[in-house]
Amino acid sequence: MRSKVVFLDDSSDLRELMADIINIKLDKDCLCFARLSDFENQIEAILSADLAILDINLGPNEPTGIDAYHWLKQKNFKGAVVFLTGHARANPMIVEIAKLGIPVLEKPIEALKLLSIIAKSKRSKT
Amino acid sequence: MNQKNSSQKIKFHNVQMSINSAWTLVIIAASFNMFGSSMELLNSQQIPMAPQWPAMASASIAFVSLILLLVFKKTKSSALAPTIYLVNSLAFLALHMIKYPYYAEYAVSWAPFQASKMACLFAALIAPRYWIGLLMIGLHLTAVPLQYFNFSPAAQAKLALGEPWIIVAFAIAGVFTLTHRYRGLALEQKNSDLQADQIAGKKLAGAFLQVRDMMNTPLQIIELAVTMIRSPATDYEKVLPKLERAAADLKLINAELSRYESEFDWKQEHEMLNKERSEKYLN
């Protein structure tokens, strides 16, 4: 079974590109979602992923990537989590994430660097 | 943004107080002139030779001024308040310059030049422009000794010791107070300009951060699309529209940014750049 990556972002173009690049370059499946509520439809697939890449701001009145992180933790997600955001470091949401100790990748990140992070990600054994 | 204001030194003698403050002060001045001229009218009853018309004229000017100030209360003009103040101050000065010789010659007991001494301090405290205050203090300072030397020797002899030069002390105190007051106003204005600059700076910084946040997703799309294009298995027809949309998003963001162009002080920015270049060159 091919390993999976979860990608949550409100840009459809970015989701499609991310799915294609992960598929072509890393031979992995990318499960793409625009919002947290879509997670509910594929819980099993999500929980089997090696990595979740979460955008933070998912649009007005939508739960944020931080909510998605808490959802994953609540469901006992064993994969790694990184945030991929265009927000400034001083943004209160980024400050909140820093407190959680989760890595934050800044958009635009070099494709090769991003692919290397994805390639190295592994599920925790505990 | 108000960068221009903070970059310019505010000179206290150029300070223009708010129109509301100036209006209030001129109302006080006209009321004071009205009261003083009416008192003068009553006082001069004791000196039958003294003409009544100067006090009546001055009181009338004050009355008309007050009506004007009330009529134009809603559409305050920045030039009207100082003009009314100047007219009232000159009327008050003229009234006393006409009356002083009569008091000096005929009054049994006269405290000399009290009105002028008071006017020096009053101008310092309420003049709506620095130069008007200075002008009025200067006029009283000049007029009092000139009046004195026109008095008869008998009238001169009746005056208290030190007259007419006591006016000099009042004029100095007046100039000092006036300058101190306007320096305070300049400082206040500078502080409020700095605060306005800070608020505008924060607003602009916030806008730039928002724009940067908005730019990052299209840039990420371009970055991934470029990597995809390099891959032989890529379907160009699928990737190119994404690139086009990312470019269109960036154009929109650029248009959004151009809204702030007018708020930027290019002249100051060029000066700063030139300064930085010169420092770099010197080092």
Side-chain angles (χ1 to χ4, degrees), chain A residues 5 7-28 30 32-35 53-60 62 64-65 82-95 97 104-119, chain B residues 1 195 197-261 263-264 269:
Chain A
V5 174
F7 182 54
L8 176 66
D9 197 291
D10 57 344
S11 161
S12 59
D13 282 346
L14 190 56
R15 286 197 306 271
E16 281 177 30
L17 274 170
M18 189 71 100
D20 288 346
I21 205 166
I22 289 173
N23 193 4
I24 292 170
K25 300 276 182 186
L26 300 175
D27 198 27
K28 289 187 178 198
C30 185
C32 294
F33 303 92
R35 58 190 73 83
I53 304 169
L54 310 173
D55 183 18
I56 294 174
N57 190 352
L58 299 168
E62 280 294 331
T64 66
V82 292
F83 285 97
L84 177 63
T85 180
H87 286 303
R89 288 266 159 199
N91 185 294
M93 286 195 283
I94 307 286
V95 174
I97 291 164
V104 178
L105 308 175
E106 279 184 65
K107 285 180 190 170
I109 184 172
E110 276 177 53
L112 292 178
K113 196 175 168 188
L114 180 65
L115 289 171
S116 151
I117 291 167
I118 298 169
Chain B
M1 200 163 84
Q195 274 181 346
D197 272 4
Q198 273 183 341
I199 292 166
K202 275 186 185 171
K203 191 181 148 198
L204 203 59
F208 277 118
L209 276 179
Q210 262 187 343
V211 165
R212 204 192 74 166
D213 288 357
M214 286 159 69
M215 281 172 73
N216 288 334
T217 296
L219 287 174
Q220 186 68 72
I221 289 170
I222 292 168
E223 169 71 26
L224 294 185
V226 167
T227 310
M228 283 292 288
I229 286 168
R230 286 191 184 124
S231 171
T234 302
D235 177 1
Y236 290 94
E237 292 302 316
K238 207 176 155 192
V239 175
L240 285 176
K242 292 182 176 58
L243 273 174
E244 281 169 1
R245 281 194 290 273
D249 283 349
L250 288 174
K251 275 183 196 164
L252 272 177
I253 294 162
N254 186 46
E256 185 70 15
L257 262 180
S258 62
R259 282 201 304 139
Y260 293 90
E261 265 180 31
E263 296 187 30
F264 195 73
E269 185 62 15

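Chain letters run A, B, ... following the sequence lines, proteins first and then strands; every chain starts at 1.
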Taking only heavy atoms into account, what residues of residues 242-252 of chain B are found under 4.5 Å from chain A? B:K242, B:R245
Inter-residue atom distance A:E16.CD - B:L224.CG, 0.5 Å rounding: 12.5 Å
Contacts with chain B made by residues 20-27 of chain A (heavy-atom distance under 4.5 Å), listed by residue number: A:D20, A:I21, A:I24, A:K25
Roughly how far, to the nearest 0.5 Å, is the OG1 atom of B:T217 from the CG atom of A:D13? 10.5 Å
Report the distance from atom CE of A:M18 to atom CD of B:Q220, rounding to the nearest 0.5 Å. 6.0 Å
Top contributor to chain B contacts, counting heavy-atom pairs under 4.5 Å, from A:D9, A:L84, A:L17: A:L17
Name the option with the most non-hydrogen atom pairs under 4.5 Å to chain A; the candidates are B:V226, B:T227, B:I222. B:T227
Is the number of heavy atoms from other residues, nucleotides or ligands under 6.0 Å of A:E62 CD greater than 12? yes
